[in-house]
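Below is one structure, written out as structure tokens; the observations come after it.
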Amino acid sequence: MPSANAANRLMKHYLGTARTLPWRAAPGTNAPDPYRVWLSEVMLQQTTVTTVTPRFNRFIERWPTIEDLAAASDKSILSEWAGLGYYARARNLIACAREIAARGSLPNTAEELRKLPGVGEYTSAAVAAIAFGERVLPVDTNIRRVAARLFAMEQPTDSQVRDVMTPLIPTDRAGDFAQALMDLGATICRPAKPLCSRCPLAPDCTAFALGQPELFPRPKARKHRPHRHGTAWWTRRGDHLWLVRRPDHGILGGMAALPGPDWTDTPHPHGPALARIRHVFTHFSLDLDLVSASEPVGDGWWHPVDDIDSAGLPTLYLKAARAALATPLFDAAA
DNA sequence: GATGCGTGGAC
DNA sequence: TGTCCAAGCAT
């Protein structure tokens, strides 16, 4: 059974190695800045540190305070988010920033943070622990895996993880403890080929004692990924391209896009396809045929075609636009 | 509890 | 190439 001694070894290991997220401190300090912690935690939902770091830095450079973010237009924030995925996060981020700015500051407890849009069990606990030192444990994939191995639990619920791990939280270091566990999960207690020989918790770890750390937690059953089909229209007028905004809900909700009909399970007829983009989403893959059109469709706007990277297009449509522009005959014919 | 929701890197 | 995986949330 892990003891306070185990927590001490974990903390010493963490503080003795390079911490992964130094950019969350307020400028010129070591203290985590609540705005930066909240923004980064939302970005980090199901997204790697490598992906988030440069995007976070751009957000902070453009909107240094939450008041700046709250005052920004929906369009500018969605555009800055383009390419990061899970776009409901961006829509919730906008609503959340305005709510926080209206009330004056971030709530400083997990219970109050949990009421904000886009802030769930994990994020509320992460911000409360890291930014405000509340003695709570955010349970993410890393911490769930570390706890599962430490206690040899095959399919622990988040509640079970909290029950066994919360007693180990150091009184004055809740934020560092959570980050230490997440760091451990990311670098040592990895899903495959964990580096148990370097792990400060190995002496306490039941799965290690059993000689089978990779059996915990048990992997989830995988689902089949269906294939779908779509058409998008490439509409040029001089140096400009016709873009539209997708509906607020559903896939790529609220994002800029090339116009086109709803995607379907089977291919549907259209004129000659001059490019085909294959794109893989979480729950299906898509073949998107690009077809030239002469007249704009839907409620949209003309965007300079030589500045396509600034259009705020999600990756699917950015890939499509780049394919079109790389096909000179197609582009000229449009 | 199950499902929908992006993207890119590792292997 | 395909598969797995990632500091989850809303419904």
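All heavy atoms count here, side chains included; hydrogens, waters and symmetry mates do not. Below, read A as the first sequence line, B as the second, and so on, with proteins coming before strands; counting in each chain starts at 1.
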**Prompt:** Are V127(A) and W63(A) co-members of a hydrophobic cluster defined by side-chain heavy atoms under 4.5 Å apart?
**Reply:**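 In one cluster with W63(A): V127(A), yes.
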Could you check how far [atom1] of [X] sits from [atom2] of [N], rounded to whole Å?
{"X": "D158(A)", "N": "dG8(C)", "atom1": "CG", "atom2": "C1'", "result": "10 Å"}
{"X": "R222(A)", "N": "dC5(C)", "atom1": "CZ", "atom2": "C1'", "result": "8 Å"}
{"X": "E41(A)", "N": "dG8(C)", "atom1": "CD", "atom2": "P", "result": "9 Å"}
{"X": "E121(A)", "N": "dG1(B)", "atom1": "CD", "atom2": "P", "result": "14 Å"}
{"X": "E214(A)", "N": "dC4(C)", "atom1": "CD", "atom2": "C1'", "result": "13 Å"}
{"X": "R145(A)", "N": "dC4(C)", "atom1": "CZ", "atom2": "P", "result": "16 Å"}
{"X": "H224(A)", "N": "dA2(B)", "atom1": "NE2", "atom2": "P", "result": "20 Å"}
{"X": "K220(A)", "N": "dC4(C)", "atom1": "NZ", "atom2": "C1'", "result": "11 Å"}

**Prompt:** Choosing from dG4(B), dG8(C), dA6(C), which nucleotide comes nearest the side chain of D140(A)?
**Reply:**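 Among dG4(B), dG8(C), dA6(C), the one nearest the side chain of D140(A) is dG8(C).
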**Prompt:** With sugar-phosphate meaning primed atoms plus P, OP1 and OP2, does T123(A) contact a base, only sugar-phosphate, or nothing at under 4.0 Å between heavy atoms?
**Reply:**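 Sugar-phosphate only.
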**Request:** Name the nucleic acid region contacted by P117(A), choosing base, sugar-phosphate or nothing; use a 4.0 angstrom heavy-atom cut-off, strictly under.
**Result:**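 Here P117(A) touches the backbone only, sparing every base.
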**D140(A)/I143(A) under side-chain contact (heavy atoms from CB on, under 4.5 Å): CA gap, chis, key distance, verdict** = CA-CA 5 Å; D140(A) 78 322; I143(A) 294 181; 3.2 Å; yes
**Message:** Could you tell me how far dC9(C) sits from dG8(B) if I compare only their P atoms? Round to whole Å.
**Reply:**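 Rounded to whole Å, the distance is 22 Å.
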**Message:** Would you say that L274(A) contacts L290(A) through its side chain, given a criterion of any heavy-atom pair below 4.5 Å between the two side chains?
**Reply:**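 Contact flag for L274(A)/L290(A) side chains = no.
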**Prompt:** Going by the side-chain hydrogen bond (donor to acceptor under 3.5 Å, both in side chains) test, which pairs reach into residues 182-191 of chain A, not counting sequence neighbours?
**Reply:**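 Only T20(A)-D183(A) qualify under side-chain hydrogen bond (donor to acceptor under 3.5 Å, both in side chains).
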**Flag if over 12 foreign heavy atoms under 6.0 Å of CG, N5(A)** =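 More than 12 heavy atoms, drawn from other residues, nucleotides or ligands, come within 6.0 Å of this atom.
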**Asked** Is it the case that more than 12 heavy atoms not belonging to E111(A) sit under 6.0 Å from its CD atom?
**Response**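 No.
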**Prompt:** Pick the nucleotide of DNA chain C nearest each of H249(A) and L44(A); which residue has the one closer to the 5' end?
**Reply:**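 Counting from the 5' end, the first nearest nucleotide belongs to L44(A).
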**Complete:** Going 5' to 3' through nucleotides 5-11 of chain B and flagging B where a protein heavy-atom sits under 4.0 Å of the base, S where only the sugar-phosphate is that close, and - otherwise, we get BBBS---
**Request:** Just grab all the ring-ring contact (aromatic ring centres under 6.0 Å, His included) pairs involving residues 33-56 of chain A, residues at least two apart or on different chains.
**Result:**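 Only W23(A)-F56(A) qualify under ring-ring contact (aromatic ring centres under 6.0 Å, His included).
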